[in-house]
Amino acid sequence: MSVRTRFAPSPTGYLHIGGVRTALFNWLLARQAGGQFILRIDDTDAQRNVAEALQPILDGFRWLGLDWDEGPEIGGPYEPYFQSERLSHYQAAAQQLLDSGHAYRDYSLPAEFAAERETAEKEKRDFVYSRKWMAETSEQAANFAAAGRSFVVRLKMPREGQCQFHDLIRGDVAFDWVREPDHVIQRGDGTCLYHLASVVDDHEYRITHVVRAIEHLSNTPRQIFIAQSLGYELPQYAHIPFVAEPGSKNKLSKRKIEQYLNNKEFKRLYQSGADIAAKVGVIPDPNSFNPVLVDFYRQIGFLPDAIINYLLLLGWSLDDKTENFSREEMLQHFSLDRVVKSEASFDPQKLLTFQGRYMNGLPLKQKAKLCLAFLQRAGLVADPVPCATGERVQQIVAAADDRIVMAGDILQFENFFVPDQQLQYEDKAFQKRLVTPPRAGELINEFNLVIAITPEFTAAALEIELKNFCETQGIELGDIIHALRVALTGSAAGFGMFDTMAILGRASCISRINRALDKLERAS
RNA sequence: GGCUCGUUGGACUUCUGGUGAGGUCGCUGGUUUCUCAAGCCAGACAGGUUGGGUUCGAAUCCCACACGAGCUGCCA
């Protein structure tokens, strides 16, 4: 039998990084066995517009390259794949459980049921429901109904023995049945709840491996009870640890972003994203612009492969040293028995490291193409791209080298794309490199005369020119080069000066130096 | 409170009971360079600062304790 796995997102509009890792493990397991990976939409509780809230999730999966064989937009042999459209299946299952005596109609009022539970809690004993309002015969039901009560369907859970099962990651686990309450599987209005729906769907979709986060481990006994009562064959279970917050073992949560921003590395990641967003002119949506969510990374120019590789290693390893895995290698080596049992903290810095590795492993053309998209979004490059501009972007990307970690980082070099007269100078840099040094203005002015007539305007030729210039002036390279950098780029930091000059070209260099000299004059 | 799971340097991890526990990220220092990155070299930092047991020998196996997390819904 082929391996069939699933991931079941709720249509919330956002794809959580922890969810992606769970999906990844499912995807790998199916793909490496030549099986199927299924996307099921858990929208039993959804009031909102599902289509709208689902789109970002599907987009996220596509962007990450986690393709699904059955599910939304592509259908499949066991349609539909939306739980909201499968109510009749669940109701039939609930009826079957009722008929076989594995479930009962419960006519208690929510307050009555809660009161029993609270009493038990107060007396510090396990809560075992009295089943006082249980109706097993139609007369009992009629009596309760006559009293104006309505019912929900509850599981009639065993009260003896243990639920034992084997988990592919945790090994053998056991729960006492008596501590499993009589869970509700169907509401008064006839709609059904998650546990019933999930079990029915997993069966009807022929799911062979249920791989999901550890928080579902304690839900497993009730699901096993449902499955066995319905005569289903059990899938294999594998409960993977959740992804924890940076620097803690708490579950990573999208809502705690404010708190995470106190973490230095998380903040750094967020800030680099925010800077890019600002330059692209996007006001970040606080709901989705969040490093806990995949969309954040898409917006600022991460590579899907980097994210996937990072997430793979969050809870799984091949050996003591291998870190970089292509998709093929992942598929070849992944196995559930090397998934760790303890939770792993999300480390923004390490994710950034993977991103840098992947970005700089890219051929120049591809890297430049990714960067170009950001320049266009920032309105710095026209669409269609003029040929010369494309060249220039490539030159800049090459010169910037690994200073570009995510594609949006190209915007740190935006000054190469603004007209000379609109170049912005960083005040501090201007002060330190042009105003304060006594000869700065004089030197760049002199050098400006040199570059006006230098025959060859290439990085190599300019290096010789400038070094000669320093010699005749009796100065060190450092005495002029910083002033030059600020004059030409407005910034104190950047890539090599000779590349910078060559990329800007003679005319720009001259006019930018003149502009800096004007500003310098006005400043004094 | 109960149940379940977990516990190695700041983080991710490796370690059929057997030399000073290995790798990656980060950190510190040095070095290179026109700045910033990157690079190179070196360094600090670990087995729950718990108690007991098994053993010639324990991070590894067992028990206890401590700590952490998840679950304990007419949420998923």
Side-chain angles (χ1 to χ4, degrees), chain A residues 8-10 12 42-46 83 106 108 110 113-114 117 120-127 151-154 167 169-170 173-176 178-181 183-189 191-195 197-198 212-221 239 241-242 244 246-251 264-265 310 313-324 338 340-354 356 360 400-405 409 412 429 433 463 466 470 476-486 489 491-498 500:
Chain A
S10 291
T12 55
D42 279 15
D43 56 352
T44 49
D45 200 41
Q83 290 197 325
D106 181 56
S108 68
F113 189 86
R117 185 168 45 216
E121 263 167 36
K122 222 172 277 171
E123 294 171 6
K124 295 197 192 305
R125 57 177 168 81
D126 291 335
F127 167 53
F151 69 90
V152 296
V153 178
R154 283 188 192 276
D167 185 284
I169 293 166
R170 338 296 310 184
V173 289
F175 292 83
D176 290 330
V178 71
R179 269 179 267 277
E180 283 291 317
H183 307 277
V184 174
I185 52 173
Q186 187 173 17
R187 300 185 180 94
D189 65 3
T191 58
C192 293
L193 269 65
Y194 166 74
H195 294 293
S198 185
R212 58 188 178 190
I214 184 70
E215 53 260 41
H216 287 288
L217 183 64
S218 41
N219 294 333
T220 306
H239 288 92
F242 55 76
S248 114
K249 293 294 182 198
N250 292 10
K251 192 160 81 167
K264 204 178 98 201
E265 285 159 2
Y310 171 72
L313 261 15
L314 211 52
W316 178 86
S317 65
L318 174 63
D319 54 29
D320 61 340
K321 40 180 76 72
T322 315
E323 281 208 323
N324 298 327
R338 288 199 61 86
V340 295
K341 292 190 178 71
S342 55
E343 48 294 287
S345 305
F346 173 68
D347 181 350
Q349 183 58 45
K350 188 127 190 191
L351 172 56
L352 230 28
T353 299
F354 274 97
N360 291 298
D401 198 37
D402 50 21
R403 289 171 185 81
I404 294 178
V405 172
D409 283 340
Q412 288 168 17
R433 296 305 192 185
E463 181 166 0
L466 185 61
C470 288
E476 295 296 316
L477 200 57
D479 293 334
I480 180 171
I481 213 155
H482 303 299
L484 212 46
R485 171 171 287 106
V486 175
T489 68
S491 166
F495 50 77
M497 213 49 239
F498 308 114
T500 300

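The chains referred to below are lettered A, B, ... by the order of the sequence lines, with proteins before strands, and numbering in each begins at 1. Note that these values count all heavy atoms, side chains included, but never hydrogens, waters or copies made by symmetry.
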Asks: When the nearest nucleotide of RNA chain B is assigned to A:Asp126 and to A:Gly188 on a heavy-atom basis, which residue is associated with the more 5' position?
Replies: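 It is A:Asp126, whose closest nucleotide lies nearer the 5' terminus.
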Asks: Return the pairing partner of B:rU50 with a 3.5 Å limit on both distances, Watson-Crick or G-U wobble; otherwise return none.
Replies: B:rA64
Asks: Between B:rA58 and B:rG73, how many Å separate the two C1' atoms, rounded to a whole number?
Replies: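 To the nearest whole Å, 45 Å.
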Asks: Scan every strand shown for a Watson-Crick or G-U wobble partner of B:rG43, both distances under 3.5 Å, and answer none if you come up empty.
Replies: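 B:rG43 is paired, partner B:rC27.
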Asks: Once hydrogens and angles are ignored, does a donor-acceptor distance under 3.5 Å link the base of B:rC34 to the side chain of A:Arg485?
Replies: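 Yes.
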Asks: For A:Phe495, does the six-membered ring have the charged nitrogen or CZ of A:Arg485 within the cation-pi criterion, i.e. under 6.0 angstrom from the centroid and within 45° of the normal?
Replies: no
Asks: Rounded to whole angstroms, how far apart are CG on A:Asp176 and P on B:rU72?
Replies: 17 Å
Asks: Nearest-Å distance, NE2 (A:His195) to P (B:rC71)?
Replies: 11 Å
Asks: Anything under 30° is parallel, anything over 60° is perpendicular, the rest tilted; go ahead and classify A:His195 against A:His183.
Replies: tilted
Asks: What is the distance, to the nearest angstrom, from the CE atom on A:Met497 to the C1' atom on B:rC34?
Replies: 9 Å
Asks: Could you state the CZ-C1' distance from A:Phe346 to B:rU13, rounded to the nearest angstrom?
Replies: 17 Å
Asks: A:Asp347 CG to B:rU13 P: how many Å, rounded?
Replies: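 The answer, rounded to whole Å, is 10 Å.
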Asks: When both hydrogen-bonding distances must be under 3.5 Å and the geometry is Watson-Crick or G-U wobble, what is B:rG1 paired with, if anything?
Replies: B:rU72
Asks: Identify the nucleotide, in any strand shown, that forms a Watson-Crick or G-U wobble pair with B:rA58, with both distances under 3.5 Å; if there is none, say none.
Replies: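 Paired with no nucleotide.
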Asks: Confirm from the modelled atom types if A:Lys350 and B:rU24 form a donor-acceptor pair under 3.5 Å, side chain to base only.
Replies: yes
Asks: CD of A:Glu265 versus P of B:rG26: gap in Å, rounded?
Replies: 9 Å
Asks: Kindly check if the number of other-residue, nucleotide or ligand heavy atoms within 6.0 Å of CD (A:Glu476) is above 12?
Replies: no
Asks: Between B:rU72 atom C1' and A:Arg179 atom CZ, what is the distance in whole Å?
Replies: 11 Å
Asks: May I have the distance from A:Glu343 (atom CD) to B:rG68 (atom C1'), rounded to whole angstrom?
Replies: 7 Å
Asks: Expressed as a whole number of Å, how far does the P atom of B:rG18 sit from that of B:rA59?
Replies: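 Taking atom P in both B:rG18 and B:rA59, they lie 10 Å apart.
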Asks: In plain terms, say whether A:Lys251 and A:Glu215 are close enough for a salt bridge, that is, a side-chain N and a carboxylate O under 4.0 Å apart.
Replies: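 Result for this pair is yes, salt bridge flagged.
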Asks: Measure the acute angle between the ring planes of A:His216 and A:Tyr194, then classify it against the limits of 30° and 60° as parallel, tilted or perpendicular.
Replies: tilted
